[in-house]
2 protein chains.
Amino acid sequence: MLELAILGFLYDAPLHGYELRKRITALTGHVRPVAESTLYPAIKRLEKAGLLTRETQPGSVAAQRHVLNLTAAGREELRGRLAEPGRVDITDENRWFTVLAFLRHLDDPAAQATVLARRLAFLEEPASFFYEGERPLHAEELDDPFRRGILTIARATSRAELAWLRSTLTDLRGRAETKPF
Amino acid sequence: MLELAILGFLYDAPLHGYELRKRITALTGHVRPVAESTLYPAIKRLEKAGLLTRETQPGSVAAQRHVLNLTAAGREELRGRLAEPGRVDITDENRWFTVLAFLRHLDDPAAQATVLARRLAFLEEPASFFYEGERPLHAEELDDPFRRGILTIARATSRAELAWLRSTLTDLRGRAETKPF
DNA sequence: TAGTAATACATCGGCACCGATGTATGCTCT
DNA sequence: AGAGCATACATCGGTGCCGATGTATTACTA
């Protein structure tokens with residue numbers, strides 16, 4: 001999740017840790033803040049795995065900074081993670097949004113469509129948060145106003161996303177036909 | 001998160017671990033599956049903290065089962081966690097939904113309203129996933145179709161939830177007036 | 001009668017993440 | 001001249017969670 005965001009931001013341009021942190025905070029921080037003590041170890045992990053390099057620069061503004069650069073392997077890794085996200089990356093909204101935020105880096109429309117199609121398939125499964133036996137319940141069947149709220153909100157999200165997915169998929173497939181390779 | 005769900009389900013009735021797992025899977029499993037190796041240690045933690053007791057029963061259906069029972073401290077703990085959720089429980093949709101799923105156990109309408117009001121305040125903050133300097137961008141200003149999708153979906157969710165929150169809040173406040181204590 | 005599935009619980013190693021805390025530098029305001 | 005703040009990186013202990021694996025029992029089914 002965090003690693004995906006790091007790779008995604010560095011794919012565009014080399015950044016130092018602090019700037020990276022600000023961008024990640026802007027992207028997902030209002031929902032789940034990123035602790036510094038999570039970011040720096042994550043950077044080190046990626047460096048150790050050969051996905052990025054760190055270049056020490058004398059502190060132009062403040063203390064010395066390490067400019068982070070994706071390696072070829074790092075770029076490959078990002079494309080791989082975007083093209084074949086794990087199951088939870090598709091189902092968990094937080095993770096899914098992070099995938100979406102960087103999906104443009106996967107510049108093949110067909111590959112992008114494949115990823116969107118997986119999300120579409122997931123949303124089309126009949127699922128709820130509450131069941132009677134096997135049967136998913138819908139909002140009107142619940143007495144509890146708070147649980148009814150969950151279903152009301154989830155349904156609104158689902159509808160909006162399904163509409164967006166379908167229209168974006170036809171767009172992408174149109175583009176894939178025009179420019180097949 | 002998981003602990004809240006455990007406390008929440010046991011608040012209604014004593015259950016054994018396996019049944020608990022099925023209920024948690026029904027509630028949040030389609031988004032984030034719960035591993036068994038996460039559930040059982042969590043139960044142990046809560047037992048160690050004196051929030052629940054385990055009673056071994058001979059296996060009526062299969063292997064022996066431990067029936068889990070909330071203690072008075074456990075009930076108190078749940079009410080506390082519901083009445084004063086952490087910041088992330090309010091902002092992260094996954095956690096927030098779990099709070100909502102059990103908020104009825106907090107049977108004072110005024111206390112319930114306080115929690116909903118916190119979520120309302122969070123959603124009313126002007127926030128986005130993408131910024132130009134300080135200014136939050138909205139969907140129409142983005143070229144990237146995927147990022148535009150994020151904002152489109154988030155806006156639909158936000159609208160539905162704001163409407164639900166406002167109407168539920170007036171309901172709750174009406175009930176709080178009628179029955180002040 | 002053997003195989004498989006469902007029920008039911010447990011442990012182990014590993015890792016991501018967090019809060020607290022520490023160390024510097026350089027800029028701005030008073 | 002000194003305080004305070006933003007910049008910038010780092011370590012440490014703790015914990016929640018996961019995947020893999022193991023152990024039993026009961027029920028079904030081929």
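When reading the values below, keep in mind they use all heavy atoms of this one structure, side chains included, and skip hydrogens, waters and symmetry mates. Numbered from 1 within each chain, the chains take letters A, B, ... in sequence-line order.
Contact check on A/E47 versus A/K44 returns no salt bridge, with no Lys/Arg side-chain nitrogen under 4.0 Å from an Asp/Glu carboxylate oxygen.
In this entry the distance linking CG of A/L4 with P of C/dA16 reads 14 Å, nearest Å.
Using a 4.5 Å cut-off on side-chain heavy atoms (C-beta onward), B/L100 and B/L116 make contact. Side-chain atoms of A/W96 and B/I150, non-hydrogen and from C-beta on, never get closer than 4.5 Å to each other.
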Next item on the list: Determine, step by step, whether A/R148 and A/E141 satisfy the salt bridge (Lys or Arg N to Asp or Glu O under 4.0 Å) criterion, reporting the C-alpha distance in whole Å, the side-chain angles of both residues, the deciding distance to 0.1 Å, and the verdict.
Entry: CA-CA 8 Å; A/R148 216 156 55 210; A/E141 298 176 85; over 6 Å; no
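The phosphate of D/dT11 (OP1 or OP2) has a side-chain N or O of A/K44 nearer than 4.0 angstrom. Distances shorter than 4.0 Å separate some side-chain N or O of A/Y40 from OP1 or OP2 on D/dC9.
Using a 4.0 Å cut-off on heavy atoms, none of the residues of residues 13-21 of chain A approach DNA chain C.
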Please tabulate the protein-to-nucleotide N/O contacts below 3.5 Å involving nucleotides 17-21 of chain D, giving atom names and distances.
| from | atom 1 | to | atom 2 | distance (Å) |
| --- | --- | --- | --- | --- |
| D/dC18 | OP1 | B/P33 | O | 3.3 |
| D/dC18 | OP2 | B/T38 | OG1 | 2.3 |
| D/dG19 | N7 | B/S37 | OG | 2.7 |
| D/dG19 | O6 | B/S37 | OG | 2.9 |

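Annotation: A/F102 is not in aromatic contact with B/F146 [ring centroid separation under 6.0 Å not met]. Checked against the 6.0 Å centroid criterion, the rings of B/F129 and A/F97 qualify as a close aromatic pair.
Note that A/R104 lies outside the cation-pi zone of A/Y11, set by a 6.0 Å cut-off to the ring centre and a 45° limit from the axis.
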